[in-house]
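Structure record follows, encoded as structure tokens.
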Amino acid sequence: MNVELPFAPVDTIIRRNAGNLRVSADAAAELARRIQDHGAALAVEAAERATADGRKTLMAEDFGVETVVDKDELELPVAPVDRIARLEIDDRYRVAMDARVALADILEDYADNVARAAAILAHHADRRTIIDDDIETYFALFE
């Protein structure tokens with residue numbers, strides 16, 4: 001599976017949580033891959049909710065979001081998030097714009113949580129750089 005999410009916004013998310021730590025390119029790539037996997041799984045669940053409601057369009061409420069933020073407030077771009085949402089669902093589903101923005105918001109929060117934990121792990125390892133092992137360790141410990 002190709003990673004649909006560009007690494008630059010993911011790198012920005014890690015850096016805003018890293019403090020004075022550096023961020024390796026491999027860490028951004030690993031987190032982008034994990035974000036994509038999580039987003040695709042959330043879209044499958046949302047598609048199941050839409051189907052149960054007799055709809056073929058995924059809406060923000062299918063992702064458990066009542067209030068959708070302004071997409072300009074997000075670091076993650078909406079177009080790649082739309083492609084992520086469609087990775088594991090049937091082509092007969094549509095993804096509404098509010099659902100795309102809601103998913104991007106959820107994934108950005110998810111990335112912030114992982115990035116904060118990765119920074120803690122890098123500090124604990126007495127390193128000055130967040131690396132992909134920090135991302136992998138987070139998932140080994142907490143998921």
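The residues of the chain are indexed from 1 along the displayed sequence.
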Verdict with supporting geometry, Leu74 and Asp105, side chain to side chain contact (heavy atoms under 4.5 Å, CB included): CA-CA 7 Å; Leu74 298 173; Asp105 187 26; 3.7 Å; yes
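- When all heavy atoms of Val81 and Ala104 are compared, the closest pair comes out as CG1-N, 3.7 Å.
- Residue Pro6 comes nearest to Pro80 through the heavy atom pair CD-CG, 3.7 Å, listed as atom of the first residue, atom of the second, then distance.
- Between Tyr110 and Phe139, the ring planes are tilted. Angles from 30° to 60° get that label.
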Before you tell me yes or no, could you show the steps for Tyr93 and Thr57 under side chain to side chain contact (heavy atoms under 4.5 Å, CB included), namely the whole-Å CA-CA distance, both residues' side-chain angles and the distance that decides it to 0.1 Å? CA-CA 6 Å; Tyr93 289 101; Thr57 301; over 6 Å; no
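- Here the straight-line distance linking atom CD of Glu61 with atom OG1 of Thr67 works out to 11.5 Å at 0.5 Å rounding.
- Without hydrogens or angle criteria, Glu108 side chain to Glu75 main chain gives a donor-acceptor distance under 3.5 Å.
- Under a hydrophobic clustering in which Ile, Leu, Val, Met, Phe, Trp and Tyr are joined whenever their side-chain heavy atoms come within less than 4.5 Å, directly or via other members, Ile14 and Ile131 fall into different clusters.
- Shortest non-hydrogen contact noted between Ala47 and Leu58 is CA-CD2, 3.3 Å.
- Between Ala27 and Ile135, the shortest heavy-atom contact is O-CG1, 3.9 Å.
- One finds the CG atom of Asp134 at 9.0 Å from the CG atom of Leu21 (value rounded to the nearest 0.5 Å).
- For the pair Ser24 (side chain) and Ile130 (backbone), a donor-acceptor distance under 3.5 Å is present.
- Within the 4.5 Å cutoff, the side chain of Asp62 has heavy atoms near those of the Met59 side chain.
- Ile13 is listed as a side-chain neighbour of Leu76, based on a closest heavy-atom distance under 4.5 Å.
- A distance of 13.5 Å separates OG1 in Thr12 from CZ in Phe7, rounded to the nearest 0.5 Å.
- A salt bridge is defined here as a Lys NZ or Arg NE, NH1 or NH2 lying under 4.0 Å from an Asp or Glu carboxylate O, and Asp53 with Arg49 fails to meet this definition.
- In this structure, Ile120 CD1 and Asn17 CG are separated by 9.5 Å, a value rounded to the nearest 0.5 Å.
- Considering only heavy atoms from C-beta on, Val69 comes within 4.5 Å of Val101 through its side chain.
- Looking at Glu136 and Glu30, their side chains come closer than 4.5 Å, going by heavy atoms from C-beta outward.
- The only option from Arg33, Arg83, Arg86 that meets the salt bridge (Lys or Arg N to Asp or Glu O under 4.0 Å) definition with Glu4 turns out to be Arg83.
- In terms of heavy atoms, Ala40 sits closest to Leu87 at CB-CB, 4.3 Å.
- Annotation: side chain of Met97 is in contact with side chain of Val78 (closest heavy-atom distance under 4.5 Å).
- Here the closest heavy-atom approach between residue Ala18 and residue Ala119 is recorded as CA-CB, 4.2 Å.
- Atom CG of residue Leu5 and atom CD1 of residue Ile84 lie 4.5 Å apart, to the nearest 0.5 angstrom.
- Interatomic distance, Leu107 CG to Leu42 CG, rounded to the nearest 0.5 Å: 6.5 Å.
- Exactly one residue among Arg94, Arg100, Lys71 makes a salt bridge (Lys or Arg N to Asp or Glu O under 4.0 Å) with Asp82. That residue is Arg100.
- Listed by chain and number, the residues in a salt bridge (Lys or Arg N to Asp or Glu O under 4.0 Å) with Arg128 amount to none (sequence neighbours excluded).
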